[in-house]
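First listed ligand is number 1; within each ligand, the first listed atom is number 1.
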Amino acid sequence: MVKIVVDADIKRGKINKNIYGNFAEHLGRCIYGGFWVGKDSEIPNVDGIRKDVIDALKEIKIPVLRWPGGCFADEYHWKDGIGPYETRPKMVNAHWGGTVENNHFGTHEFFRLCELLGTEPYICGNVGSGTVQEMRQWIEYMTFDGESPMANLRAENGRKEPWKLTYFGVGNENWGCGGNMRPEYYADLYRRYSSYVRNFSGNTVFKIACGPNSDDYNWTEVLMKQAGKFMDGLSLHYYTVPGENWNSKGSATEFTEKDWFITMKKTLRMDELLTRHSSIMDAYDPEKRVALIVDEWGTWFDVEPGTNPGFLYQQNTMRDALVAAVNFNIFHEHCDRVRMANIAQTINVLQAVILTEGSKLVLTPTYHVFNMYKVHQEAELLNLDIKSPEYKYEDESIPQVTATASVDSEGKMHISLCNLNPKVAAEVKCDIRGLKKTKVTGTVLASDKMNAHNTFEEKDNVTIKAFNGAAINDGVLTASLPPMSVVTLEII
Ligand code: AHR
């Protein structure tokens, strides 16, 4: 029996909607073929952006979208992506498959996409191979309202009004693909570059420094010590990679229960990473002014057989759905410090929420988890205590069930539960204290196969269903969670 106590009158802070952010890079078929087909395409589009993608993403309310990379960001020169298409230079996307990038999707197209989605843009600038001047001019181009060389250039390209830009990253993975820097060196570069990321015309930029790679606690220590006061956010990248190493990450669809267990165990590690990075940040920033931004997370498997290894295209199964939900539960727990997270990546890359093939589109199990969890956006996190049986595999064990609870502005309570065990159902008894609740409804994502997934031919193998396995009696909620399931309950 899983025993849960929810204190409806103990609110632990707001769950920032930006925890449900996405990440879109010029990588494989994320931008080209994913978001962008061009205005002349036969695939229905709005100003070159796929209409089916817009509709699907609006449904899950993605609040913020990070672009243009990733490793691509530190090779990207923004001026190549403005002006008439015929004059935009082509470049080699050296990091991702050596493909030709025609720069048709640039600054204007990205802001149009965000406008169509009702999403905040989060742009990552180039520190690795770009100049301070180039970064400064990009900010001026996007946000300056008045007479200036960059504002005039923007107007010549058809946009008189500046855009609003809040989130700006000063480099990406500068410990790796973004320049292989030491933290001391990057901290100084961050101080220099970020000085010229100006607040023009009433636009205030939330500056995000490149943060650590998973458990590189020294990076966090050095950055906070040497540059903490100059930043608003510090990013963290952590991927769930079940395989032994980066050359053998494991298949997205052909896996055993052992692989399933390892994946869950590795994804649960996010909690430890957030706890330890946060405690380092607390030493320098006890008021928690600087946000921890998990701007790349998700599963990373071997690419689908027969696809370009540089395109990072992988299928998405029930296992990915559990990974997404478990991470959301963890992010909620850390909502005092974690105020944004961006899954990698939105379309056709890594733990995608959408897959496309020509004019076809399919929603992944991960998409459905975003849909089930959107009720938690901007809600107040409630105090929740859980005692779960263990899910044991060979000589290791992890909790069988993880959970989170919140109350929204209308007073509706939502509890989301993950059963990580692929074979055993979980009986839940939840004592809701501090508020009288009488009615429960719910949705569930479940399957009887660990590797169940949606294809272009069978789009609804894994899809949200109504959940009838919960009841409330005298303030006590009971629920029966199917094996390997994600459930969201609404309690009023
Ligand atoms: O998301 C794919 C890549 O992973 C990104 O480009 C990079 O930042 C990270 O290593």
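- The atoms of ligand 1 that sit less than 4.0 Å from any heavy atom of Cys71 are 5 (C), 6 (O), 7 (C), 8 (O).
- Partners of Lys51 by salt bridge (Lys or Arg N to Asp or Glu O under 4.0 Å), not counting sequence neighbours, listed by chain and number: Asp55.
- The residue from Gln345, Glu296, His237 that puts a heavy atom closest to atom 9 (C) of ligand 1 is Glu296.
- Ranking protein heavy atoms by distance to atom 10 (O) of ligand 1, first place goes to Glu173 OE1, 2.7 Å.
- Some N or O of Asn172 is nearer than 3.5 Å to an N or O of ligand 1, by distance alone.
- Here the protein heavy atom with the shortest distance to atom 1 (O) of ligand 1 is Tyr239 OH, 2.8 Å.
- Taking the six-membered ring where tryptophan is involved, the planes of Tyr239 and His237 are perpendicular, since the angle between them exceeds 60° and thus also 30°.
- Against a heavy-atom cut-off of under 4.0 Å, Leu350 is close to the following atoms of ligand 1: 1 (O), 2 (C).
- Contacts between Trp96 and ligand 1, counted as non-hydrogen atom pairs separated by less than 4.0 Å, involve the side chain only.
- Considering only non-hydrogen protein atoms, atom 6 (O) of ligand 1 sits nearest to Glu25 OE1, 2.7 Å.
- Between Tyr373 and His332, the ring-plane angle classifies as tilted under the 30° and 60° cut-offs.
- Relative to the ring axis of Phe255, Arg319 places its NZ or CZ within 45° and under 6.0 Å from the centre.
- Remark: Arg66 is positioned above the aromatic ring of Tyr122, its terminal NZ or CZ atom under 6.0 angstrom from the ring centre and at most 45 degrees off the axis.
- Of the options Arg289, Lys288, Arg339, a salt bridge (Lys or Arg N to Asp or Glu O under 4.0 Å) to Asp232 is made by Arg289 and by none of the others.
- Not a single N or O atom of Phe23, backbone or side chain, sits closer than 3.5 Å to an N or O atom of ligand 1.
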Donor-acceptor pairs under 3.5 Å, side chain of residues 341-353 to any protein atom, not counting sequence neighbours: which ones?
from   : atom 1 : to     : atom 2 : distance (Å)
Asn342 : ND2    : Asn22  : O      : 3.2
Gln345 : OE1    : Glu25  : N      : 3.1
Gln345 : NE2    : Glu25  : OE1    : 3.0
Thr346 : OG1    : Asn22  : OD1    : 3.1
Thr346 : OG1    : Phe23  : O      : 3.2
Asn348 : OD1    : Thr356 : N      : 2.8
Asn348 : ND2    : Arg29  : O      : 2.9
Asn348 : ND2    : Thr356 : OG1    : 2.8
Gln351 : OE1    : Thr299 : N      : 2.9
Gln351 : NE2    : Asp320 : O      : 2.9
Gln351 : NE2    : Thr366 : OG1    : 3.1

